[in-house]
Amino acid sequence: MPRYFTEEHEWIDIEGDSATVGITDYAQEQLGDIVFVELPDVGAMLDKGGDAAVVESVKAASDVYSPITGEVTEANGSLEDEPALVNSSAEEEGWFFRLTVSDKEELDGLMDDKAYKAFVDNL
Amino acid sequence: MERWKACSGTDVLSDTIPEEDIPLDPLPLDAWHRANGARMVSFAGYDMPIQYSGDTISHGGGIVAEHHWTRESASLFDVSHMGQLGVSGDGAGEALEALLPGGIASLKEGRMRYSMLLNEDGGILDDLMVTNAGAQFGLVVNGACKWDDIAHLREHLPDEITLTHYNENALLALQGPKAADVLTALVPEAGELTFMTARYADWGGVPLWIARAGYTGEDGFEIAVPGEHAQQLAEALTADDRVEPAGLGARDSLRLEAGLPLYGHDMTDATDPVSADLTFALTKKRRETGRWMGHEKVMAVLDAGPEQKRVGLLIDGRMPAREGAEVFAGDTKVGTVTSGGFSPTLSRPIAMAYVDAAYTAEGTALECAVRNKRLPAAVSPMPFVPHRYFRGS
């Protein structure tokens, strides 16, 4: 199951025609204590690079963008009760939402884990 | 840099005031913060710690942990960006009273008072603490305002009054229920202070000016120390297991819970003390006698009642309403949030807002507009979390 990364610090796992999206461990660390995550509604159509979710830390609200175009099929209900999951498990249990993959070519411009690590090291 | 060197140290001030965008010299604890895992951000022209992390922090670090630690034990905050000023000379108290709406000349030695600089229109230029320090009056002003404050004071204080900027002093705030035990172990005289009193103390040859005050709602102290001894003091305080460093992030969430307004957000030069719900700082006698800048305008607001007033809002759910969020009563916009965030103590969002006078009663149901949502909110008395100041046993 390949995982890709964006320069806005989202990760995306691809499994067939479905994708799972979250924010990276680097991102959660930068944001600090997360107190609320506003997730997209199931059925919402997201555009690549468009607003998908908002993550609220104690200090500030930050936008999360959709790495690809697609329709939201599921949102992570666990984050409603336990937004701190994003801090403790950003790249596993703290996933944000799932969506359909409508155009696999959109993945071409994303980074793999090695490229993302190099990207973060240079920040 | 050279342009404003004349302002540093204990020299009497020159007319040279730095431009806001000129980077300032690092504060005395800069390296100490970095060595202790601080994440530094730019604030008031300085690099300041917003939060800490790493092995040296027993609670693990982060804004929420630092916040809770302050409420349960004691945290050390570096607030050296704030301006430490001295006003001296015959009639210094009376001279300050021309610029501040509080009783200053009547302040007994060792007593402090919360006050503010007002402009001719009654707008708040800055809020501050003023202390009768015996030989002079001490002022602690906001870091982001200090250069403008100095210019204002220089312009309006009489020539025979001397204004001194203690630019090379650090200011450390030790805040929390265990602060007094920690500090008195190092400096026994600190135990003689009660809330809003201050005194000099000698700490093994290091001169300290200690005030029992702060900005968290907890008992605690603000300690002025010569910059070259700041690290020594920070290390001595954090050597106590009850103390961990805390950054500006926790300072902001703590002061919000304590209902304490933040200059530049909850009050500006466009707001007057009455609208800002700071009427307590207008000393009763001085309301009548007047002769302070802005008196006429402020009294007019006091007599007529403010059009809008600063209130607290308790917000339902978990989504915070932040600065700039509009406040509604039904379809009518009745106010604006001036600071808001998530309260770690109450586990819910809280905010301060200016709302139309008709909607300021405790319990009034309002809504905050955040993105495409309306968050139910209720006007709440402040502080949101009770103050625990030490007023004497």
Side-chain angles (χ1 to χ4, degrees), chain A residues 8-9 23-47 49-66 72 75-90 93-94 96-97 120-123, chain B residues 37-41 43 48-54 59-70 246-257 262 315-325 337 339-351 368-373 375:
Chain A
E8 283 77 37
H9 307 287
I23 66 169
T24 64
D25 198 48
Y26 174 85
Q28 70 77 19
E29 202 178 317
Q30 291 297 309
L31 293 170
D33 301 296
I34 288 161
V35 296
F36 183 79
V37 182
E38 187 178 1
L39 295 167
D41 294 330
V42 170
M45 292 300 302
L46 302 181
D47 295 327
D51 290 343
V54 180
V55 54
E56 300 261 8
S57 69
V58 175
K59 198 72 196 134
S62 309
D63 290 318
V64 174
Y65 308 106
S66 183
V72 177
N76 185 358
S78 304
L79 298 184
E80 217 162 289
D81 299 325
E82 207 185 340
L85 266 182
V86 181
N87 291 120
S88 59
S89 181
E93 291 171 66
F96 278 30
F97 57 89
V120 166
D121 286 346
N122 280 322
L123 290 179
Chain B
R39 180 179 303 161
M40 306 296 277
V41 295
F43 187 79
M48 295 284 291
I50 186 151
Q51 65 180 80
Y52 298 79
S53 61
H59 56 57
I63 294 173
V64 171
E66 290 168 20
H67 181 111
H68 289 313
W69 191 264
T70 311
L248 292 176
R251 189 169 150 84
D252 190 50
S253 54
L254 288 158
R255 69 93 197 165
L256 182 59
E257 287 183 351
L262 176 60
I315 296 162
D316 286 357
R318 287 188 65 92
M319 193 194 292
R322 301 188 188 271
E323 182 173 3
V337 170
S339 55
F342 192 82
S343 160
T345 304
L346 303 177
S347 283
R348 64 183 299 175
I350 56 175
C368 295
V370 179
R371 298 186 284 276
N372 55 351
K373 293 198 167 58
L375 312 178

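Just so we're on the same page: letters track the sequence lines, and every chain starts at 1.
Counting heavy atoms from C-beta outward, A:Val37 and A:Leu85 have side chains that stay 4.5 Å or more apart. Counting heavy atoms from C-beta on, the side chains of B:Ile350 and B:Leu256 come closer than 4.5 Å.
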Donor-acceptor pairs, chain A vs chain B, cutoff 3.5 Å:
| residue | atom | partner | partner atom | Å |
| --- | --- | --- | --- | --- |
| A:Glu29 | O | B:Arg39 | NH2 | 2.8 |
| A:Gln30 | O | B:Arg39 | NH1 | 2.8 |
| A:Asp33 | OD2 | B:Ile63 | N | 3.2 |
| A:Asp33 | OD2 | B:Val64 | N | 2.8 |
| A:Val35 | O | B:Arg318 | NE | 3.0 |
| A:Val35 | O | B:Arg318 | NH2 | 3.0 |
| A:Glu38 | OE1 | B:Arg371 | NE | 2.6 |
| A:Glu38 | OE1 | B:Arg371 | NH2 | 2.7 |
| A:Glu38 | OE2 | B:Lys373 | NZ | 2.6 |
| A:Glu56 | OE1 | B:Arg322 | NE | 2.8 |
| A:Glu56 | OE1 | B:Arg322 | NH2 | 2.7 |
| A:Glu56 | OE2 | B:Arg371 | NH1 | 3.3 |
| A:Glu56 | OE2 | B:Arg371 | NH2 | 3.2 |
| A:Ser57 | O | B:Arg322 | NH2 | 2.6 |
| A:Val58 | O | B:Arg322 | NH1 | 3.3 |
| A:Lys59 | O | B:Arg322 | NH1 | 3.3 |
| A:Ala60 | O | B:Arg322 | NH2 | 3.4 |

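Contact annotation for A:Ala60: only backbone heavy atoms (N, CA, C, O) come within less than 4.5 Å of a heavy atom of chain B. Of the atoms belonging to A:Val54, it is side-chain heavy atoms, and not backbone ones, that fall under 4.5 Å from chain B.
Heavy atoms only, all atoms of each residue included: B:Gly61 and B:Ala65 are closest at O-CB, 3.4 Å.
Residues passing the side chain to side chain contact (heavy atoms under 4.5 Å, CB included) test with B:Ala369 are B:Phe328, B:Arg374, sequence neighbours excluded.
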Exercise. So B:Cys368 and B:Val337, side chain to side chain contact (heavy atoms under 4.5 Å, CB included) or not? Walk me through it.
Worked result: CA-CA 8 Å; B:Cys368 295; B:Val337 170; 4.2 Å; yes
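Note: B:Leu254 CG to B:Ile63 CD1 = 10.5 Å, rounded to the nearest 0.5 Å. To the nearest 0.5 Å, atom CD1 of residue A:Ile23 and atom CZ of residue A:Phe96 are 4.5 Å apart.
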